[in-house]
There are 2 protein chains.
Amino acid sequence: MLLRIEFESDIPIYMQIKNQIIEGIALGMLKEGDELPSIRQLASDFGINLHTVKKAYDILKDEGFLSVHRRKGYVVTKNASADDNFIEELKKDLQPILANAFSRGMTEDEILKICREILEQFKNGM
Amino acid sequence: MLLRIEFESDIPIYMQIKNQIIEGIALGMLKEGDELPSIRQLASDFGINLHTVKKAYDILKDEGFLSVHRRKGYVVTKNASADDNFIEELKKDLQPILANAFSRGMTEDEILKICREILEQFKNGM
DNA sequence: TATGTGTTATATTATAAATATAACACATAT
DNA sequence: ATATGTGTTATATTTATAATATAACACATA
């Protein structure tokens, strides 16, 4: 599992880590039972603080993507489900992004094509 | 054009304003030439600061959704295009959101259905 | 000339993100 | 037993971003 952090990005570091781990799971690069690097290890690799990594991991734990074992550390656990609550959040997240694309003149088909391409990656486990 | 601000939201106020104006354009509620409330007016309506509103408006101006006239104030101008640069950003924005949905077990069809529903709103100008 | 637009500048406060350090709890390899 | 490597908790500090507060200015036009 390769992580890269863009320090110049406007996306907070803990969010980049969180997002990339979810993407790793979606792509099949991270499977149930896989152990993640320890918070100290990852922090050290990137020259960032232990708490920044822990924040990302803890959010993923709360959401059901990770669980934690005393000795093994954080482990992939796919307990996150797409309940009604999540669907609502999903719509709220997508709404402004799709509105932006549509307002710039993209057609429904053009926009859906991009969504399909991204989802295709996940299905094929690239 | 009705705006609502959620002060408890984790989304910054200027971002909520920005997003809702883009959604207004996507929904056809805001059309080319429409004048927005003045920054002082909108700030006063919501009990927020003039600069918070200006920040939102200025971003929209930079992106080509608004232009500004000395007397009329900020006006809807659809100069925002979906160039290669935007498409790249769009993919980057969609990637983590779709990964999240997919990792929770949603199928491609289920996810695309939600995208279609949102886009349908825009096409029908709800 | 008064009024209502946006603009610019400066300072301050509030909140979130990230860091720095230290000490602790727990499992297990040695 | 003890050392080591996990995560955990606590506290304080620094940095960056968001939001506010005030004031003065430029411009168009009624």
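This is a predicted model, so every value here is computed, not measured. Here is the naming used below: chain letters follow the sequence lines, and residue numbers restart at 1 for every chain.
- One atom, CD of B:Glu6, and another, C1' of D:dA18, lie 17 Å apart when rounded to the nearest Å.
- Here the P atom of nucleotide C:dT3 and the CZ atom of B:Arg70 are 19 Å apart, to the nearest Å.
- The neighbour count for A:Asp83 CG, taken as heavy atoms of other residues, nucleotides or ligands under 6.0 Å away, is above 12.
- Judged by distance alone with a 3.5 Å cut-off, a donor-acceptor contact links the side chain of B:Arg71 to the base of C:dG4.
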Task: B:Gln20/B:Arg4 under side-chain hydrogen bond (donor to acceptor under 3.5 Å, both in side chains): CA gap, chis, key distance, verdict - done: CA-CA 8 Å; B:Gln20 288 180 41; B:Arg4 60 216 171 308; 2.7 Å; yes
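- Residue B:Ser38 places its side chain closer to C:dT5 than to any other of C:dT5, C:dT7, D:dG7.
- Annotation for B:Leu42 and B:Leu3: closest pair CD2-CD1, 3.7 Å, computed over non-hydrogen atoms.
- Of all nucleotides present, only C:dA16 satisfies the Watson-Crick or G-U wobble test against D:dT15, with each distance under 3.5 Å.
- Look at CZ on A:Phe46: it is 14 Å from P on C:dA18, rounded to the nearest Å.
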Under 3.5 Å, which protein N or O atoms sit close to an N or O of nucleotides 13-17 of chain C? Give each pair with its distance.
unit_1: C:dA17; atom_1: OP1; unit_2: A:Tyr14; atom_2: OH; d: 3.0
unit_1: C:dA17; atom_1: OP2; unit_2: A:Lys55; atom_2: NZ; d: 3.2

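- Side chain of B:Asn49, nearest nucleotide from D:dT8, C:dT7, D:dT20: D:dT20.
- An OP1 or OP2 oxygen of D:dA19 is reached within less than 4.0 angstrom by no side-chain nitrogen or oxygen of B:Thr52.
- Of the candidates C:dA18, D:dG7, C:dT7, C:dT7 carries the atom nearest the B:Ile39 side chain, counting heavy atoms from C-beta on.
- Between A:Ser67 and A:Asn79, the closest side-chain pair of non-hydrogen atoms is not below 4.5 Å.
- Residues A:Ile17 and A:Ile48 meet the side-chain proximity criterion, which asks for heavy atoms closer than 4.5 Å.
- Between B:Arg40 atom CZ and C:dT8 atom P the separation is 13 Å, expressed in whole Å.
- With both pairing distances under 3.5 Å, D:dA23 is matched to C:dT8 as a Watson-Crick or G-U wobble pair.
- B:Lys72 has no side-chain polar atom (N or O) that falls below the 4.0 Å cut-off from OP1 or OP2 of D:dC27.
- Distance, B:Tyr57 OH to C:dT7 P: 12 Å, rounded to whole Å.
- Nearest heavy atom pair, residue A:Leu90 against residue B:Ile114, reads CD2-CD1, 3.9 Å.
- Sorted by first and then second residue, the pairs that involve residues 35-56 of chain B and meet side-chain hydrogen bond (donor to acceptor under 3.5 Å, both in side chains), not counting sequence neighbours, are B:Gln41-B:Asp45, B:Asn49-B:His51, B:Lys54-B:Asp58.
- For B:Leu42 and C:dT5, the CG to P distance is 12 Å, given to the nearest whole Å.
- Contact annotation: B:Lys61 reaches the phosphate of C:dT7 (side-chain N/O to OP1 or OP2, under 4.0 Å).
- Base pairing analysis places D:dA30 opposite C:dT1; the two distances defining the Watson-Crick or G-U wobble pair are each below 3.5 Å.
- Atom CD in B:Glu35 sits about 10 Å away from atom P in C:dT5, given to the nearest Å.
- By the neighbour-count criterion of 12 heavy atoms within 6.0 Å, atom CG of B:Asn124 is densely surrounded, having more than that number from other residues, nucleotides or ligands.
- Side-chain to base pairing of A:His51 with D:dT8: no donor and acceptor N or O lie closer than 3.5 Å to each other.
- C:dA18 atom P lies 9 Å from atom CD1 of A:Ile17, rounded to whole Å.
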